[in-house]
Protein chains: 2
Amino acid sequence: MTASQEIALAPVTAPAPASVTVLGYALLCALHKGPLTGYELVRRMRQPIGYYWTARQSQIYPELARLAELGLITSSGESGPGPHQRMTHDLTAAGRAAVASWLIRPPTPRPPRDELVLKTYAVGAADSSAMRALYLAEAQRHEQRLEDYRAQRTRLVARGADDQCHPDFGAFATLRLGLGVEELYAQWCRWLADQLAAGG
Amino acid sequence: MTASQEIALAPVTAPAPASVTVLGYALLCALHKGPLTGYELVRRMRQPIGYYWTARQSQIYPELARLAELGLITSSGESGPGPHQRMTHDLTAAGRAAVASWLIRPPTPRPPRDELVLKTYAVGAADSSAMRALYLAEAQRHEQRLEDYRAQRTRLVARGADDQCHPDFGAFATLRLGLGVEELYAQWCRWLADQLAAGG
DNA sequence: CTAATCATGTAAGGCGTTACATGATTTT
DNA sequence: AAAATCATGTAACGCCTTACATGATTAG
């Protein structure tokens with residue numbers, strides 16, 4: 001592969017690639033069950049989608065414009081409250097196809113970042129009783145989340161979302177993992193607190 | 001709070017805050033058991049610290065210079081192979097104190113980003129058998145990691161790192177969580193694959 | 001009548017990634 | 001003889017966050 005060949009393969013007139021980012025796909029995923037307004041999408045990206053992929057307004061609105069430019073969504077505006085129009089966004093056929101083909105691609109691995117585990121690596125360099133308090137507080141945080149998740153599961157199961165054919169089965173499946181993760185973290189924090197109590 | 005008051009509270013002559021980032025603390029944590037060269041730190045930030053907090057060379061070397069400027073590490077150079085000096089970095093007393101006080105502060109929560117779980121939320125919009133293949137492949141990835149972790153645990157336990165007093169207890173504790181997480185994800189992926197098989 | 005919510009956008013700056021650069025030593 | 005490793009650094013760019021801006025409607 002020489003330089004001249006590369007130039008020949010990439011015409012100068014070509015516009016920016018503008019491939020869809022994960023955030024873009026997250027928005028498309030949020031729209032897969034029907035149209036939503038921008039503001040509704042902002043709320044969805046805090047909850048429930050925000051549990052595994054968050055975004056703020058300042059990212060969402062420009063991204064919606066990009067998705068519309070790419071022809072993956074249609075955005076129609078109606079006058080609403082305030083100085084802005086209330087825009088409703090809907091998947092196009094191309095958008096629906098883009099999501100479907102992205103979903104079955106293996107996820108690109110992300111660099112892990114967990115501050116609590118990092119601190120644990122150097123646990124020996126800190127005061128044991130202070131660290132113990134930290135892990136107990138974290139355990140409580142996870143146990144509170146666990147309660148929240150259990151309530152959500154009850155509601156989903158009542159609607160029949162634990163059946164693979166139900167439109168909310170995806171939400172049920174993500175919740176199932178969330179329950180496991182929170183329980184695991186809570187138990188691990190309590191185990192560490194016990195260890196620090198025994199040795200300190 | 002008026003504008004004039006704010007100006008009075010923030011003197012013009014103050015230098016940039018230059019507070020230590022999490023990456024900075026990660027490097028300080030890596031040094032808590034003894035001095036290391038820059039290149040050794042680069043490797044540590046791929047493994048084992050890289051399992052929960054990664055960084056590349058291009059981030060690490062400038063950050064080391066900043067930590068030295070702040071007086072948290074001392075960096076002494078000796079001539080080594082290649083055009084560069086082999087720099088050895090060591091914690092100062094101030095650095096040791098900085099780690100100790102950071103460790104016992106509650107970790108700042110990070111926005112969650114998990115592409116696989118995001119895909120799961122919209123699982124109904126994709127072809128079931130293709131998604132099933134995806135989850136089976138992910139399950140295998142996690143099971144391979146699980147084997148790797150089990151081997152590491154065996155080595156650590158042989159050294160006695162499962163005792164809270166051992167200097168490698170921190171590494172053992174992080175590994176314990178890693179084992180739980182990988183097992184949980186693997187089982188969840190297999191469960192989802194089963195669900196998709198039953199309904200598809 | 002005040003505050004929160006609805007509703008959409010812009011700007012500045014930080015963190016992190018890929019890619020580039022250099023060159024000696026050790027391994028294959 | 002070629003490739004990988006040792007060893008440190010710079011530059012460009014993208015994603016994401018915080019903060020700013022505007023103003024109508026609804027709830028307390």
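Computation of the quantities below employed the complete heavy-atom set of this structure, encompassing side-chain atoms and omitting hydrogens, waters and symmetry-equivalent molecules. Letters go in sequence order (proteins before strands), and every chain restarts at 1.
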Review point. In terms of ring plane angle, is the pair B:His32 and A:Tyr121 parallel, tilted or perpendicular, where the classes change at 30° and 60°?
Key: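 B:His32 vs A:Tyr121 ring planes: perpendicular.
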Check your understanding: Would you call B:Asp127 and B:Met131 a side-chain contact if the rule is heavy atoms closer than 4.5 Å?
Key ->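 No. Closest side-chain heavy atoms not under 4.5 Å.
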State which of [options] makes the closest approach to the side chain of [X].
{"X": "B:Met87", "options": "C:dG9, D:dT8, C:dT18", "value": "D:dT8"}
{"X": "B:His84", "options": "C:dT17, D:dT17, C:dT22", "value": "C:dT22"}
{"X": "B:Tyr39", "options": "D:dT17, D:dT5, C:dC6", "value": "D:dT5"}
{"X": "A:Thr21", "options": "C:dC15, C:dC6, D:dC15", "value": "D:dC15"}

[X] [atom1] - [N] [atom2] separation (whole Å):
{"X": "A:Leu27", "N": "C:dT8", "atom1": "CG", "atom2": "C1'", "answer": "15 Å"}
{"X": "B:Ile60", "N": "D:dT8", "atom1": "CD1", "atom2": "P", "answer": "11 Å"}
{"X": "A:Glu78", "N": "C:dT8", "atom1": "CD", "atom2": "P", "answer": "11 Å"}
{"X": "B:Glu40", "N": "D:dT8", "atom1": "CD", "atom2": "C1'", "answer": "14 Å"}
{"X": "B:Glu115", "N": "D:dC15", "atom1": "CD", "atom2": "C1'", "answer": "14 Å"}
{"X": "A:Arg46", "N": "C:dT5", "atom1": "CZ", "atom2": "C1'", "answer": "10 Å"}
{"X": "A:Arg110", "N": "C:dG16", "atom1": "CZ", "atom2": "C1'", "answer": "10 Å"}
{"X": "B:Leu64", "N": "D:dT10", "atom1": "CG", "atom2": "C1'", "answer": "16 Å"}

Can you pull every protein N or O that's under 3.5 Å from an N or O on nucleotides 24-28 of chain C?
from   : atom 1 : to      : atom 2 : distance (Å)
C:dA24 : O4'    : B:Gly82 : N      : 3.1

Does [X] place a side-chain N or O at less than 4.0 Å from the phosphate oxygens OP1/OP2 of [N]?
{"X": "B:Arg43", "N": "D:dC6", "answer": "yes"}
{"X": "A:Tyr61", "N": "C:dT8", "answer": "yes"}
{"X": "B:Arg56", "N": "C:dT18", "answer": "yes"}
{"X": "B:Gln59", "N": "C:dC15", "answer": "no"}

**Study point:** Gap between atom CG of B:Leu23 and atom CZ of B:Arg66 - 0.5 Å precision
**Key:**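 Reported to 0.5 Å precision, the distance equals 8.0 Å.
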Exercise for review: Flag yes if A:Val20 and A:Tyr61 sit in one hydrophobic cluster, no otherwise; membership is Ile, Leu, Val, Met, Phe, Trp, Tyr, and two members link when side-chain heavy atoms are under 4.5 Å apart.
Suggested key: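 The answer is yes; both residues are in one hydrophobic cluster.
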Review point. Does any donor atom in the side chain of B:Tyr135 or B:Thr120 lie under 3.5 Å from an acceptor atom in the other side chain?
Key: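 Note: B:Tyr135 and B:Thr120 side chains meet the donor-acceptor criterion.
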Using distance only, find each side-chain donor-acceptor pair of residues 182-194 of chain A under 3.5 Å and give its atom names and separation, not counting sequence neighbours.
from     : atom 1 : to       : atom 2 : distance (Å)
A:Glu182 : OE1    : A:His142 : ND1    : 2.6
A:Tyr185 : OH     : A:Asp114 : OD2    : 2.8
A:Trp188 : NE1    : B:Ala173 : O      : 3.1
A:Arg190 : NE     : A:Glu143 : OE2    : 2.9
A:Arg190 : NH2    : A:Glu143 : OE1    : 2.9
A:Arg190 : NH2    : A:Glu143 : OE2    : 3.3

**Study point:** Under 3.5 Å donor-acceptor, A:Arg153 side chain and A:Arg176 backbone
**Key:**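 No, A:Arg153 side chain to A:Arg176 backbone: no donor-acceptor pair under 3.5 Å.
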Check your understanding: On DNA chain D, nearest-nucleotide positions of B:Pro111 versus A:Gln57: which is more 5'?
Key ->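 Between the two, 5'-proximity favours B:Pro111.
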Practice item. Look at all strands and tell whether A:Gln85 reaches a base, only sugar-phosphate, or nothing, counting heavy atoms closer than 4.0 Å. Key: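 It contacts sugar-phosphate atoms only.
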